[in-house]
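The shown structure was predicted, so the numbers you read here are calculated from the model rather than taken from an experiment.
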Amino acid sequence: MKPMATRHPLRRTMIGVAATVSGVVLLLALKQPGGSPVAAGAGAGSGVGAAGAGTGVSATAGASGPGGGESAAGGSRAVVGDPVDTQYGPVQVRITLDGSTITSAEAVQAPGADARSQSVTADAVPRLNQAAVTAQNARIDAVSGASYTSQGYRDSLQSALDKAGV
């Protein structure tokens, strides 16, 4: 056995190096979340529900100041926050206010370019909407498994609150 081991002393080393290099190449070749078309700004399929990106009916009303967007009946108004780009796609929040009280919050734009993003968004957005109404501010907890979406939601929510003057 000894002569065989001395004939190829670097064989194990070369196999180990080749395996390590192959592993690193495979890891680097995996699809990176930031490299998806959604992160590059493509908004196809990233809307949530019937309200797609760019519906922003109240976007100009919310940007006009604290009194902007107020409806004649009931005094409630809707304000759309700025879209926030996340690693998985843009997030944009619309809030409805009655005075300075948040009566509803909804994501008008959220990540959803692939099946995984759609699944995470479907789970996270309703929780974030409810948390925003409960907290009455942008200091809401992140949803487990949706940290990037949660941060984008908080930032867009804060933007909407700033536009509303709340």
Side-chain angles (χ1 to χ4, degrees), residues 27-166:
L27 283 175
L28 294 176
L30 287 176
K31 181 179 176 185
Q32 295 296 319
S36 70
V38 173
S46 62
V48 175
T55 54
V57 174
S58 302
T60 55
S64 66
E70 204 164 303
S71 69
S76 66
R77 60 191 166 133
V79 181
V80 179
D82 293 330
V84 176
D85 287 324
T86 70
Q87 188 170 357
Y88 297 98
V91 178
Q92 188 173 25
V93 177
R94 176 175 51 221
I95 56 173
T96 304
L97 299 158
D98 188 7
S100 62
T101 303
I102 301 172
T103 56
S104 73
E106 63 179 322
V108 294
Q109 197 174 18
D114 56 37
R116 175 72 176 136
S117 293
Q118 290 172 2
S119 172
V120 169
T121 297
D123 180 50
V125 168
R127 293 182 189 189
L128 293 166
N129 292 341
Q130 183 59 43
V133 173
T134 302
Q136 292 294 305
N137 59 48
R139 292 185 303 269
I140 56 178
D141 291 333
V143 174
S144 179
S147 6
Y148 293 108
T149 300
S150 298
Q151 184 61 48
Y153 188 98
R154 284 192 296 248
D155 293 346
S156 183
L157 176 60
Q158 185 61 56
S159 167
L161 291 169
D162 292 344
K163 286 180 180 181
V166 177

Per the ring-ring contact (aromatic ring centres under 6.0 Å, His included) rule, what does the pair list look like for residues 94-150, sequence neighbours excluded? Tyr88-Tyr148
Taking only residues at least two apart or on different chains, which pairs with a member in residues 104-131 satisfy ring-ring contact (aromatic ring centres under 6.0 Å, His included)? none
Any side-chain heavy-atom pair from Ile102 and Leu161 closer than 4.5 angstrom? yes
Those residues at least two apart in sequence (or on a different chain) that pass side-chain contact (heavy atoms from CB on, under 4.5 Å) with Val120 are Arg116, Ala146
Residue pairs, two or more places apart or on separate chains, that pass ring-ring contact (aromatic ring centres under 6.0 Å, His included) and touch residues 99-125: none
Partners passing side-chain contact (heavy atoms from CB on, under 4.5 Å) against Gln130 (at least two apart in sequence or in another chain): Thr134
Does Asp123 have any side-chain contact (heavy atoms from CB on, under 4.5 Å) partners at least two apart in sequence or in another chain, and if so, which? Arg127, Val143
Verify, without hydrogens or angle tests, whether Thr121 (side chain) and Ser117 (backbone) share a donor-acceptor contact under 3.5 angstrom. yes
Summary of ring-ring contact (aromatic ring centres under 6.0 Å, His included) pairs that have at least one residue in residues 103-124, sequence neighbours excluded: none
By side chain to side chain donor-acceptor pair (under 3.5 Å) - contacts of Asn137 (at least two apart): none
For the student: nearest non-hydrogen atoms of Arg77 and Val166, plus distance: NH2-CG2, 4.3 Å
May I ask you to test the Lys163-Asp82 pair for a side-chain heavy-atom distance under 4.5 Å? yes
Shortest non-hydrogen separation from Gln109 to Pro90 and the atoms involved: NE2-CG, 3.5 Å
Might you point out which heavy atoms bring Ser156 and Gln92 nearest each other, and give the distance in Å? OG-CA, 3.4 Å
If every non-hydrogen atom of Ala164 is compared with every non-hydrogen atom of Leu97, which pair is closest and at what distance? CB-CD1, 3.3 Å
Whether Glu106 side chain and Arg94 backbone form a donor-acceptor pair below 3.5 Å: no
Can you list the residues that meet the side chain to side chain donor-acceptor pair (under 3.5 Å) rule with Asp162, with sequence neighbours excluded? Gln158
With Ser104, which residues qualify under side chain to side chain donor-acceptor pair (under 3.5 Å), at least two apart? Thr96
According to side chain to side chain donor-acceptor pair (under 3.5 Å), who are the partners of Asn129, at least two apart in sequence or on a separate chain? Tyr153
List in chain and number order the residues that pass side-chain contact (heavy atoms from CB on, under 4.5 Å) with Ala131, two or more places apart in sequence or in another chain; answer none if no residue qualifies. Ile140
If you measure from OG1 on Thr149 to CD on Gln87, what distance do you get to the nearest 0.5 Å? 10.0 Å
Candidates Thr103, Val133, Val80, Val79 - the one meeting side chain to side chain contact (heavy atoms under 4.5 Å, CB included) with Ile95: Val79
Going by heavy atoms in the side chains, are Gln151 and Thr86 under 4.5 Å from each other? no
